Amino acid sequence: MKKCMTAVVCLALFIGLIQIPVYASEDIDKTIFQVSRNAGSGGVRCYDSLTNEETYYSPELYYHGDAEPIPASPELQLEQPEMSPRHVIGHDSRVKVLNPSGAYESTCLIGSRFKNISSGEERVGKGTGWLLNDKYVMTAGHMLYVEEDGVVMHCGIFIGASDGKHKRYRLGYKYHVAEDYVNHCENDIDYYNFGMYDDWGIIELVSPVDVSISKLGRYAVNSAYDMEGQYYHTQGYPEDLNLAAGKTGDAWNLWYMYQTAGYIQKDRPGLRFLDLVETDIDAYHGQSGSPVYSYRTGYGYCAEGMIVAQSKSYDGEPKNFIILLNDWLFDYIKQLP
């Protein structure tokens, strides 16, 4: 997710090869998340892997403050009883998803191959994303750019994947990454104080998806207060459950999808411009880029943010983040061609 000071920390953040439990509050069924609400306000850096061109988009070029919700696919307009609360107090609530359909099938398993600029060593970062439409996938910024590696060399996207099966496979070629993340991912302190709050990215696919995939709508939220009382869902590819199920890191493309859901339990006034909330939503390494969505009357199941999975604390504070799909980010997505 950023340039790390030690090899161990680097593995923990980018590859997720060490096991660190999610930071929880004294009430063991709740996880503490910080909620970043200024994503996109610093602009966007776009990298074209075919032309090697790099372009900066100032927020003034795309921000219009017009965040009218985008409805979900027709089949996701009705609230589904099978997506009712599953949380069991004090227990892991993640449930395996086989043959993803409905709200699950637009979720993508992502493998990003990076090459270290200094050593030439290659590695694969694993994470999650979801289809914005047939041409674009949203994910975490650190799946596309890392300070010591530069822009991702090769980005494979398995759409609607679980247990080695998927709806379609696509490659990315153009990568949109938040400017504030790019400028603040050089070391731990810089990343945790600034870069992580804007750690999002968008992948443009080499060729559009050519099958019908149910897609989440989009609903702009600008603070945790906008999430109060809503029941939230997320899904992705947590490393801990997949390793426990015998899915090795080398066979990451065979990972299972897991889903979970829960409420934002209460607001906890946070550091500077951040909201700090408790929730019973479980998350782990491998879920960086997982959509966070709820049912909105009139619009269906809509993405309102995404998880940037850290599952650790830093200087005594939790570092589990939700990047909100706020007005800035919403407007940038709308202007994509």
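Note that the structure is predicted; figures quoted are calculated from it, not measured. Heavy atoms only: backbone and side chains are in, while hydrogens, waters and symmetry mates are out. Throughout, numbering of the chain's residues begins at 1 and tracks the sequence.
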*Asks:* Does W200 reach the side chain of M306, with side-chain heavy atoms less than 4.5 Å apart?
*Replies:* yes
*Asks:* To check you understand the geometry: which heavy-atom pair defines the closest contact between G236 and S290, and what is its length?
*Replies:* CA-OG, 3.6 Å
*Asks:* With E105 as reference, evaluate K215, M257, H166, K167 under the side-chain contact (heavy atoms from CB on, under 4.5 Å) test and give the passing residue.
*Replies:* K167
*Asks:* Measure the SG-CG distance between C108 and L205 for me, rounded to the nearest 0.5 Å.
*Replies:* 8.0 Å
*Asks:* Would you please indicate if the ring centroids of F158 and W252 are separated by under 6.0 Å?
*Replies:* yes
*Asks:* Charged N to carboxylate O under 4.0 angstrom, R170 versus D210?
*Replies:* yes
*Asks:* Give the minimum heavy-atom separation between A283 and I307, together with the two atoms involved.
*Replies:* CB-CD1, 4.0 Å
*Asks:* Membership question, hydrophobic clusters at under 4.5 Å side-chain separation (ILVMFWY): are L132 and L171 in the same one?
*Replies:* yes
*Asks:* Using 4.0 Å as the upper bound for N to carboxylate O, is an ion pair formed by D240 and R94?
*Replies:* yes
*Asks:* Would you name the heavy atoms of I110 and C155 that are closest together and state the gap between them?
*Replies:* CG2-SG, 3.8 Å
*Asks:* With clusters defined by side-chain heavy atoms of hydrophobic residues (ILVMFWY) lying less than 4.5 Å apart, directly or transitively, does L254 cluster with Y284?
*Replies:* no
*Asks:* Is D327 reaching over with its side chain to a backbone N or O of G65, donor-acceptor style, under 3.5 angstrom?
*Replies:* no
*Asks:* If I take atom CD1 from residue I213 and atom OG from residue S106, how far apart are they, to the nearest 0.5 angstrom?
*Replies:* 8.0 Å
*Asks:* Between the side chain of T128 and the main-chain N/O of G286, is any donor-acceptor distance below 3.5 Å?
*Replies:* yes
*Asks:* When clusters are formed by joining ILVMFWY residues with side-chain heavy atoms under 4.5 Å apart, either directly or through shared neighbours, do L76 and V211 land in the same one?
*Replies:* yes
*Asks:* Determine the interplanar angle of the Y293 and H233 rings, folded into 0 to 90°, and report it as parallel if under 30°, tilted if 30 to 60°, perpendicular if over 60°.
*Replies:* parallel
*Asks:* Is the side chain of D66 donor-acceptor paired with the backbone N or O of D331 at a distance under 3.5 Å, no angle test?
*Replies:* no
*Asks:* Report the C-alpha distance between N38 and S36 in whole Å, list the side-chain angles of each, state the deciding distance to 0.1 Å, and finish with yes or no for side-chain contact (heavy atoms from CB on, under 4.5 Å).
*Replies:* CA-CA 6 Å; N38 73 330; S36 177; 3.5 Å; yes
*Asks:* Indicate the atoms forming the closest heavy-atom contact of Y295 with Q77, along with that distance.
*Replies:* OH-O, 2.7 Å
*Asks:* So, does S214 use its side chain to make a donor-acceptor pair with the main chain of S73 at under 3.5 Å?
*Replies:* no
*Asks:* Would the distance check show the side chain of S119 and the main-chain N or O of N116 forming a donor-acceptor pair, the cut-off being under 3.5 Å?
*Replies:* no
*Asks:* For residues L216 and L78: do they belong to one hydrophobic cluster (side chain heavy atoms under 4.5 Å, members Ile, Leu, Val, Met, Phe, Trp, Tyr)?
*Replies:* no
*Asks:* Do N222 and R37 have side chains that get closer than 4.5 Å, going by heavy atoms?
*Replies:* no
*Asks:* Can you establish whether the number of heavy atoms outside K135 located under 6.0 Å from its atom NZ is more than 12?
*Replies:* yes
*Asks:* Rest of the hydrophobic cluster containing L241 (Ile/Leu/Val/Met/Phe/Trp/Tyr, side-chain heavy atoms under 4.5 Å)?
*Replies:* L98, Y256, Y258
*Asks:* Is there side-chain contact between S162 and Y104, with heavy atoms separated by less than 4.5 Å?
*Replies:* no
*Asks:* For the atom pair CD1 (I322) and OG1 (T279), what is the distance rounded to the nearest 0.5 Å?
*Replies:* 6.5 Å
*Asks:* For the pair R123 and V146, evaluate side-chain contact (heavy atoms from CB on, under 4.5 Å) and give the outcome as yes or no after the intermediate values.
*Replies:* CA-CA 12 Å; R123 64 174 183 86; V146 180; 3.5 Å; yes
*Asks:* I want to check something: taking the side chain as every heavy atom from C-beta on, are W130 and V137 in contact at a cut-off of under 4.5 Å?
*Replies:* no
*Asks:* Is the closest side-chain heavy-atom distance between E122 and M153 below 4.5 Å?
*Replies:* yes
*Asks:* Rounded to the nearest 0.5 Å, what separation is found between the SG atom of C46 and the CD atom of E204?
*Replies:* 7.5 Å
*Asks:* Less than 6.0 angstrom separating the ring centers of Y332 and Y62, yes or no?
*Replies:* yes
*Asks:* So, taking the atom named CZ in R45 and the one named CG in L144, what distance separates them when rounded to the nearest 0.5 Å?
*Replies:* 14.5 Å
*Asks:* What do the steps show when you test Y169 against I159 for side-chain contact (heavy atoms from CB on, under 4.5 Å), and what is the final call?
*Replies:* CA-CA 6 Å; Y169 174 77; I159 300 162; over 6 Å; no
*Asks:* Quick one: closest heavy-atom pair of I264 and V277, and the distance?
*Replies:* CG2-CB, 3.8 Å
*Asks:* Under 3.5 Å, side chain of D198 to main-chain N/O of G40, donor-acceptor pair present?
*Replies:* yes
*Asks:* Testing F33, Y197, Y181, Y191 one by one against F321 for a ring pair (Phe, Tyr, Trp, His ring centres under 6.0 Å), which residue passes?
*Replies:* Y197
*Asks:* Does the side chain of Y299 reach to within under 4.5 Å of the side chain of E68, using non-hydrogen atoms?
*Replies:* yes
*Asks:* Taking all non-hydrogen atoms of both residues, which atom of L109 and which atom of A161 are closest, and how far apart?
*Replies:* CB-CB, 4.0 Å
*Asks:* Side chains of W255 and N253: any donor to acceptor distance under 3.5 Å?
*Replies:* no
*Asks:* For Y56, what are the other residues in its hydrophobic cluster, where any two members join if their side-chain heavy atoms are less than 4.5 angstrom apart?
*Replies:* none
*Asks:* Walk me through it: do T107 and Y237 pass the test side-chain contact (heavy atoms from CB on, under 4.5 Å)?
*Replies:* CA-CA 10 Å; T107 302; Y237 305 90; 4.1 Å; yes
*Asks:* Find the distance between CG (L325) and CE (M138) and round it off to the nearest 0.5 Å.
*Replies:* 6.5 Å
*Asks:* Can you find a pair of side-chain heavy atoms, one from V124 and one from R113, that are under 4.5 Å apart?
*Replies:* yes
*Asks:* Consider only side-chain heavy atoms of I, L, V, M, F, W and Y, link residues closer than 4.5 Å, and tell whether L336 and W328 are in one cluster.
*Replies:* yes
*Asks:* Please examine the side chains of R296 and E304, heavy atoms only from C-beta on, and report whether any two atoms are closer than 4.5 Å.
*Replies:* yes
*Asks:* Does a donor on one side chain and an acceptor on the other come within less than 3.5 Å for Y301 and Q80?
*Replies:* no
*Asks:* Is it the case that the side chain of T139 and the backbone of G201 share a donor-acceptor pair, with hydrogens and angles ignored and the cut-off at 3.5 Å?
*Replies:* no
*Asks:* Take a 6.0 Å sphere around CD of E121 and say whether it holds more than 12 heavy atoms from other residues, nucleotides or ligands.
*Replies:* no
